[in-house]
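Below: one structure, written as structure tokens.
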Amino acid sequence: MLNKKIEYFITLAECLSFTQAAAAHSVTQTAISQYIASLEHKLQVRLFNRNAHSVSLTDAGEYFYERVSFMLRYYDDTKKRLIAIQEQYSGYVKVGIGMYEYRQTEDFFSRFLIAHPEIKVDIFQYTYGALVEKLKSGELDVILGNMLCENALSKEAFLSRPMFESCNYLVADKEIAAKYPDGDAVAMLQNECLVTNCEDTGPNSMEMLQEMLRREFGVVPARVSQTNSTNAQLLMVRARHGVAIVPDLLHDEREDNLVRIKMNMGDMTRYDMIRLAANSNPAAQLLMDFQ
């Protein structure tokens with residue numbers, strides 16, 4: 001079992017402030033400092049560079065942070081699986097879903113949980129980049145996302161099954177849309193701010209979005225605002241801050257003051273359930289096979 005105080009190191013590595021780390025754990029700065037010094041002595045390496053003005057991780061500290069973070073995640077996962085056994089579940093599966101997929105999977109998971117009450121299911125929502133990384137690390141057994149997630153994995157590394165398809169719509173406030181004749185989506189993309197859930201890097205990156213818009217419509221929006229949730233994305237659209245491209249999975253955008261314009265973007269977007277081929281969890285396979 002990992003020493004509880006290792007969390008002192010994790011917190012300090014993330015905030016790089018003895019004051020903030022001490023406050024986070026309701027202990028004194030001296031207690032944090034003494035623990036770090038003791039840890040460095042035991043490991044026989046310096047983990048932090050520190051002076052009167054700043055704190056930073058050494059190369060050894062960055063490596064230790066990476067490894068200890070992984071061990072803590074693995075330990076937490078083990079505890080959850082032990083609890084599932086104690087609660088007399090015969091299986092446990094951790095599922096990750098993207099920003100939009102919950103709208104089309106409520107019935108599927110409802111039927112699975114009714115059919116298999118012996119399986120404990122935990123569901124978490126992440127960005128596509130985080131879904132892929134957590135699948136790779138084993139933090140998630142199964143993910144549900146669009147094909148961008150599969151593009152970030154080697155073909156031999158995963159197994160998948162199609163779940164549903166969706167087309168995309170441009171969503172805008174009526175006052176914004178009224179400035180453009182005949183619902184000219186391309187003109188809106190050129191002149192309005194595009195509000196998007198795309199990430200800086202990863203399968204659902206800003207670069208990917210720009211390439212797709214350039215290929216499909218010959219435009220790249222001059223202004224872009226990023227959010228990390230569907231609710232925030234639609235909030236900004238309702239506030240007339242810009243327009244958004246969303247899949248035809250949502251119901252929130254179907255309100256009187258919003259206009260929806262179908263985007264002709266080639267094939268419909270497919271959403272799949274994905275697991276690593278090396279994942280041997282029988283509960284994950286049971287979920288993948290469920291109809």
Side-chain angles (χ1 to χ4, degrees), residues 66 69-70 72-78 80-81 91-110 112-113 119-166 168 195-212 226-234 244-250 267-281 283-290:
E66 177 185 336
S69 297
F70 174 80
L72 282 175
R73 291 195 300 268
Y74 188 81
Y75 175 64
D76 289 341
D77 180 70
T78 300
K80 289 180 179 180
R81 294 182 190 275
Y92 174 55
V93 59
K94 294 176 70 175
V95 181
I97 61 174
M99 293 291 103
Y100 306 109
E101 289 75 8
Y102 66 96
R103 294 293 191 181
Q104 290 290 95
T105 54
E106 294 168 352
D107 177 66
F108 174 85
F109 283 110
S110 176
F112 179 84
L113 292 168
I119 303 296
K120 178 175 173 58
V121 180
D122 285 346
I123 301 177
F124 305 87
Q125 188 174 36
Y126 297 105
T127 62
Y128 289 144
L131 283 178
V132 171
E133 291 307 312
K134 291 179 182 296
L135 183 69
K136 288 179 178 179
S137 70
E139 291 180 67
L140 295 173
D141 295 302
V142 175
I143 64 173
L144 204 160
N146 74 21
M147 293 182 64
L148 294 172
C149 295
E150 296 181 10
N151 294 339
L153 299 165
S154 59
K155 291 184 178 180
E156 65 276 6
F158 69 91
L159 302 172
S160 68
R161 58 166 286 190
M163 294 295 290
F164 52 87
E165 292 183 324
S166 173
N168 289 309
V195 183
T196 176
N197 288 336
C198 284
E199 306 151 57
D200 292 330
T201 60
N204 190 38
S205 67
M206 293 297 301
E207 182 180 1
M208 176 282 302
L209 175 65
Q210 290 173 346
E211 290 180 358
M212 181 270 291
Q226 290 174 269
T227 67
N228 65 350
S229 75
T230 304
N231 288 336
Q233 188 181 24
L234 293 178
I245 298 175
V246 299
D248 190 27
L249 306 176
L250 306 179
D267 295 335
M268 296 181 70
T269 302
R270 197 180 77 218
Y271 294 80
D272 293 350
M273 186 174 288
I274 307 162
R275 74 172 175 87
L276 293 184
N279 186 305
S280 59
N281 182 354
Q285 185 60 54
L286 187 66
L287 181 67
M288 290 282 293
D289 291 340
F290 185 73

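For the single chain, residues carry numbers from 1 onward in sequence order.
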For [Y], does its backbone N or O pair with a side-chain atom of [X] as donor and acceptor, under 3.5 Å?
| X | Y | value |
| --- | --- | --- |
| N281 | Y92 | yes |
| E199 | G129 | yes |
| Q226 | C198 | yes |
| D272 | I274 | no |
| S137 | K134 | yes |
| T230 | Y100 | no |
| E101 | G98 | yes |

Nearest 0.5 Å, what's the [atom1]-[atom2] distance between [X] and [Y]?
| X | Y | atom1 | atom2 | result |
| --- | --- | --- | --- | --- |
| M147 | E165 | CE | CD | 9.5 Å |
| L276 | L140 | CG | CG | 10.0 Å |
| M268 | N168 | CE | CG | 9.0 Å |
| F158 | L135 | CZ | CG | 10.0 Å |
| T196 | Q210 | OG1 | CD | 10.0 Å |

Going through the distances and angles, do L153 and K136 end up as a side chain to side chain contact (heavy atoms under 4.5 Å, CB included)? CA-CA 9 Å; L153 299 165; K136 288 179 178 179; 3.6 Å; yes
Between I143 and Y128, is a side chain to side chain contact (heavy atoms under 4.5 Å, CB included) present by the stated rule, with each step listed? CA-CA 9 Å; I143 64 173; Y128 289 144; over 6 Å; no
Heavy-atom side-chain contact between N204 and T127 under 4.5 Å: no
Please give me the minimum heavy-atom distance between [X] and [Y], naming the atom from each residue.
| X | Y | answer |
| --- | --- | --- |
| M273 | L144 | CE-CD1, 4.0 Å |
| P162 | R270 | CB-CD, 3.9 Å |
| V121 | L113 | CG2-CD2, 3.6 Å |
| L148 | M208 | CD1-CE, 3.8 Å |
| A232 | S229 | N-OG, 3.0 Å |
| R275 | V142 | CB-CG2, 4.2 Å |

Can L287 and I119 be said to form a side chain to side chain contact (heavy atoms under 4.5 Å, CB included), step by step? CA-CA 10 Å; L287 181 67; I119 303 296; over 6 Å; no
Heavy atoms of other groups near F124 CZ, more than 12 under 6.0 Å: yes
Is the CG atom of D122 crowded by more than 12 outside heavy atoms at less than 6.0 Å? yes
Which residue is it: N228, T227, N197? I am looking for the one with a side chain to side chain donor-acceptor pair (under 3.5 Å) to Q233. N197
Measure the acute angle between the ring planes of F112 and F290, then classify it against the limits of 30° and 60° as parallel, tilted or perpendicular. perpendicular
Check: S205/E207 side-chain N/O donor and acceptor closer than 3.5 Å: no
